Every structure is written in structure tokens, then in C-alpha cells.
Number of protein chains: 2
Amino acid sequence: MPAPVPPLDPAELGAYFSLIEVSSLLRHTVEQQLKDAGGLSYVQFQLLATLGDAPDGSLRMTDLADGVVYSRSGLTYQVGLLERDGLVVRAPSTEDERSTTVALTDAGRDVLGRVFPGHVEVLRQLFLEPLSADDVHALADVLGRVRDHMRTVPPRSARPRPKRG
Amino acid sequence: MPAPVPPLDPAELGAYFSLIEVSSLLRHTVEQQLKDAGGLSYVQFQLLATLGDAPDGSLRMTDLADGVVYSRSGLTYQVGLLERDGLVVRAPSTEDERSTTVALTDAGRDVLGRVFPGHVEVLRQLFLEPLSADDVHALADVLGRVRDHMRTVPPRSARPRPKRG
DNA sequence: TATTGTTATACTCTATAACTATA
DNA sequence: TATAGTTATAGAGTATAACAATA
């Protein structure tokens with residue numbers, strides 16, 4: 001007999017299902033807008049936006065990956081696309097010659113600026129519209145705590161054995 | 001100067017960024033668990049779970065798509081994989097011969113049961129752990145309202161198909 | 001004509017492992 | 001030895017459009 005797992009209560013299920021459906025549809029819609037407005041995937045937008053928030057518009061590859069991408073090769077791939085399109089440039093780091101520094105170009109900032117109004121528009125219409133200021137604060141507070149918790153939990157050391165018989 | 005878009009306030013940004021990061025990491029972790037435990041992708045799990053919740057364990061393709069998949073061909077692909085593995089069966093609908101009915105098999109229920117405890121475990125450890133009962137209720141309430149709002153905005157499964165030209 | 005589902009195809013994205021180079 | 005990043009490659013997933021069949 002498998003050990004019985006206490007079931008989730010209705011509120012827990014509701015929170016989970018709503019989270020998944022909301023984030024999935026929001027991401028899908030935003031992805032369309034970003035592609036239409038600037039030819040960006042969502043990951044590419046996240047990378048550009050992360051660089052845009054950095055003090056000097058540049059970051060090391062590893063720091064850029066944070067929370068956006070789950071493998072180094074995936075990051076290399078996405079940054080490669082951005083560089084191909086002239087939105088970022090890569091250069092060896094002067095401090096640690098193993099590192100690569102990624103910097104936003106003017107063209108990258110332009111694309112970010114061109115894409116941003118529509119992005120905010122989608123967020124307002126689809127996500128924020130039915131929420132009061134209190135709702136938004138509650139969401140930011142609760143989800144912020146979950147995010148902080150997730151960041152402290154060490155990633156599952158999953159040794160993939162994917163084949164099933 | 002073009003009329004600027006009023007920026008999002010810090011709470012709005014915080015709610016949005018936390019939502020994206022939390023849902024992304026949660027989904028990624030759950031995806032690994034589902035793959036390890038039952039060889040399922042997240043979409044496949046959602047489809048099986050949706051069928052499992054249906055009164056007789058079967059649904060029409062179109063009804064199955066709701067909230068899970070964004071194109072008809074994507075649904076056909078995923079259901080094809082599930083059928084190949086014996087987890088569902090497809091049969092022509094008796095009421096409307098254009099329709100296909102998808103039914104969960106015993107093997108499909110088994111996989112669902114085998115995968116579920118670990119799924120709940122991940123949700124508890126990664127998502128629910130730092131939250132009080134009040135937090136969970138607040139999340140379910142607020143995100144539930146957003147989900148309801150999103151459902152009213154675009155009619156997803158009835159999305160118009162491109163015209164033939 | 002509109003709807004339901006499938007197929008063909010092309011494309012995007014991701015992940016593992018092997019590799020180079022530096023610390 | 002450990003870390004930073006790249007590359008090769010393979011596979012999973014997705015979307016568009018054309019298609020057939022039924023309403």
C-alpha cells in the first residue's frame with residue numbers, strides 16, 4: 001500500500017489551479033503581443049528587461065540567467081539570438097576572464113521601449129483590471145513570500161531516467 | 001512627445017514579477033516530478049486530470065482543450081501521445097459524428113494515481129509551505145477573480161480559425 | 001457555410017554531454 | 001578541481017495551413 005497523502009483542501013486547490021491558469025493565459029497573451037510588437041519571445045523580453053534594470057545595462061551571463069532560464073545552454077542560445085539581432089553585445093569580462101559580459105545596445109533599448117507600452121496594456125486589461133489596490137498588494141505580498149521561499153529551496157537534484165516501459 | 005503610458009506602480013510590478021517567477025519555477029519543478037514519476041508532460045497530466053474530473057471520464061476533444069492547449073493541432077498531438085501509451089482511447093462521438101470522444105483508460109487512471117502523491121508533495125513543499133490559511137484563501141480569491149475575468153475576455157475554445165483564401 | 005478534428009510541415013525551444021578556458 | 005560559457009545534437013512541443021467529413 002502506498003502511504004496515504006492528505007489531500008489538498010479546496011482553497012489550496014483553488015489557489016493552485018487559478019495560479020496555473022492565470023499565469024499560463026497571461027504568458028500566452030503577452031507572448032503574442034511581444035512577438036507582434038517587437039519580434040521578441042517572452043524569454044528574450046525578460047533578458048532584455050533584466051539588462052535594462054541593471055545599473056549599467058550589462059550583466060554576466062550567470063547573473064542574467066536568474067529566474068529566467070534553467071540551463072546554461074538555453075541561455076547561450078537565447079543571448080545568441082539577441083546578439084544576432086543586434087540587441088545585445090557580448091564581451092569577455094575584464095575581472096574574471098572566464099566570464100562573459102552581456103550589454104544592452106541602443107537598438108536593444110529601442111526595442112524594449114517599443115514593446116513596453118503594449119506589454120503594460122496587456123497586463124492592465126487582462127490581469128490587473130479586476131483587482132483593487134488592496135488585492136494587488138495582497139498578491140504582491142503573498143506571491144513575493146512564495147518566491148522568496150522558492151529561491152531558498154535547493155533545486156531538486158534530479159538524475160533523469162526518463163524512459164518508461 | 002508621444003503620450004507616455006502611465007507606469008505600473010511598485011505593487012503592480014511586484015505582483016506581476018512574482019506571479020511569473022513563482023508559476024514558472026513551480027511548473028518547471030512539477031514537470032520534472034511528473035516526468036520522473038509517470039513519464040508525463042505537464043500538459044498530458046492536465047489532460048488526464050481533466051478527464052479524471054469529468055463525470056464519466058470522457059470528454060469531447062474541444063471541451064478537453066479548454067484552458068490547457070491553445071491550438072487544435074496541439075491537442076491532437078498530445079492526445080495522440082496519450083493514446084499511443086494506452087492512457088486514453090478515442091472514439092467517434094455518437095451524438096455528433098464530427099466529434100471525437102476521449103476516454104480515460106484504467107491504465108490512465110493508474111498513472112494518474114501513481115503520479116498524484118508526488119505532485120501534491122511538490123506543491124506543499126515549494127508553493128504552500130510559507131503560506132498561512134489566510135494567505136491561501138486570499139490567493140484563491142484574488143487569482144480566482146482574475147481567472148474569471150480572463151475567461152470573459154477572449155473566448156478561447158471558440159477562437160475563430162483563419163479563413164480559407 | 002461553419003464546425004470538428006487530423007495531418008504535413010516548419011519552426012522554436014530546451015536539455016544533456018562533451019568541450020575549452022580560466023580560477 | 002571547480003566554475004563560466006559554448007557547441008553539438010537530439011527530442012519535445014507548437015502553430016499555421018491545408019485537408020476531409022459532418023452539421
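Remember, predicted model here, so these are calculated numbers, not experimental data. Just so we're on the same page: letters track the sequence lines, and every chain starts at 1.
- One finds no side-chain N or O of R72(A) lying less than 4.0 angstrom from the OP1 or OP2 phosphate oxygen of dT6(D).
- Contact annotation for T100(B): backbone-only contact, meaning every heavy-atom pair under 4.0 Å involves sugar-phosphate atoms and none involves a base.
- Rounded to an integer number of Å, the gap from CG of D85(A) to P of dT12(C) is 11 Å.
- The side chain of Y77(A) has dT12(C) as its nearest neighbour among dG13(D), dT6(C), dT12(C).
- The distance from atom CD of E83(B) to atom C1' of dG5(C) is 13 Å, rounded to the nearest whole Å.
- As rounded to whole Å, 15 Å separates atom P of dA4(D) from atom CD of E97(A).
- For the 3.5 Å distance criterion, the side chains of S24(B) and Y70(A) qualify, holding a donor opposite an acceptor.
- Using a 4.0 Å heavy-atom cutoff across all strands shown, L64(A) reaches no nucleic acid atom at all.
- Taking side-chain N and O atoms only, R60(A) has a distance below 4.0 Å to OP1 or OP2 of dA4(D).
- Considering only the side chain of R98(A), dA21(C) comes nearest among dT7(D), dA21(C), dC13(C).
- If you take CG of D63(B) and P of dT3(C), they are 15 Å apart, rounded to a whole angstrom.
- Distances were taken from every side-chain heavy atom of T62(A) (C-beta onward) to each of dA23(D), dG5(C), dA4(D); the shortest belongs to dA4(D).
- When the side-chain nitrogen and oxygen atoms of H28(B) are compared with OP1 and OP2 of dC13(C), none of them lie within a distance under 4.0 Å.
- The side chain of S73(B) has dA8(C) as its nearest neighbour among dC13(C), dA8(C), dG13(D).
- Side-chain polar atoms of H119(B) and Y16(A) form a donor-acceptor pair below 3.5 angstrom.
- Using a 4.0 Å heavy-atom distance criterion, S93(A) is classed as making no nucleic acid contact.
- Here the side chain of D96(B) is nearest to one of dA23(D), dT14(D), dG5(D), namely dA23(D).
- Remark: P of dC13(C) and CZ of R27(A) are 10 Å apart, rounded to the nearest angstrom.
- Side-chain proximity of M61(B) to the nucleotides dT6(C), dA2(D), dT7(C) is greatest for dT6(C).
- If you take OH of Y70(A) and C1' of dT16(C), they are 18 Å apart, rounded to a whole angstrom.
- Rounded to whole angstrom, the span from the CG atom of L75(A) across to the C1' atom of dA4(D) amounts to 11 Å.
- In this structure the side chain of R27(B) never reaches within 4.5 angstrom of the side chain of S23(A), judged on heavy atoms.
- Regarding contacts with the backbone of dT12(C), every side-chain N or O of Q44(A) stays at 4.0 angstrom or more from both OP1 and OP2.
- Picking from dA15(C), dA2(C), dC13(C) the nucleotide with the shortest atom distance to the side chain of S71(A) gives dA15(C).
- Remark: side-chain polar atoms of Q33(B) are paired, donor with acceptor, to backbone N or O of V115(B) under 3.5 angstrom.
- In this entry the distance linking CD of E95(B) with P of dG5(C) reads 12 Å, nearest Å.
- In this structure, L139(B) and L143(A) have side chains that are in contact, with non-hydrogen atoms separated by less than 4.5 Å.
- For D134(B) and S132(B), the side-chain atoms include no donor-acceptor pair closer than 3.5 Å.
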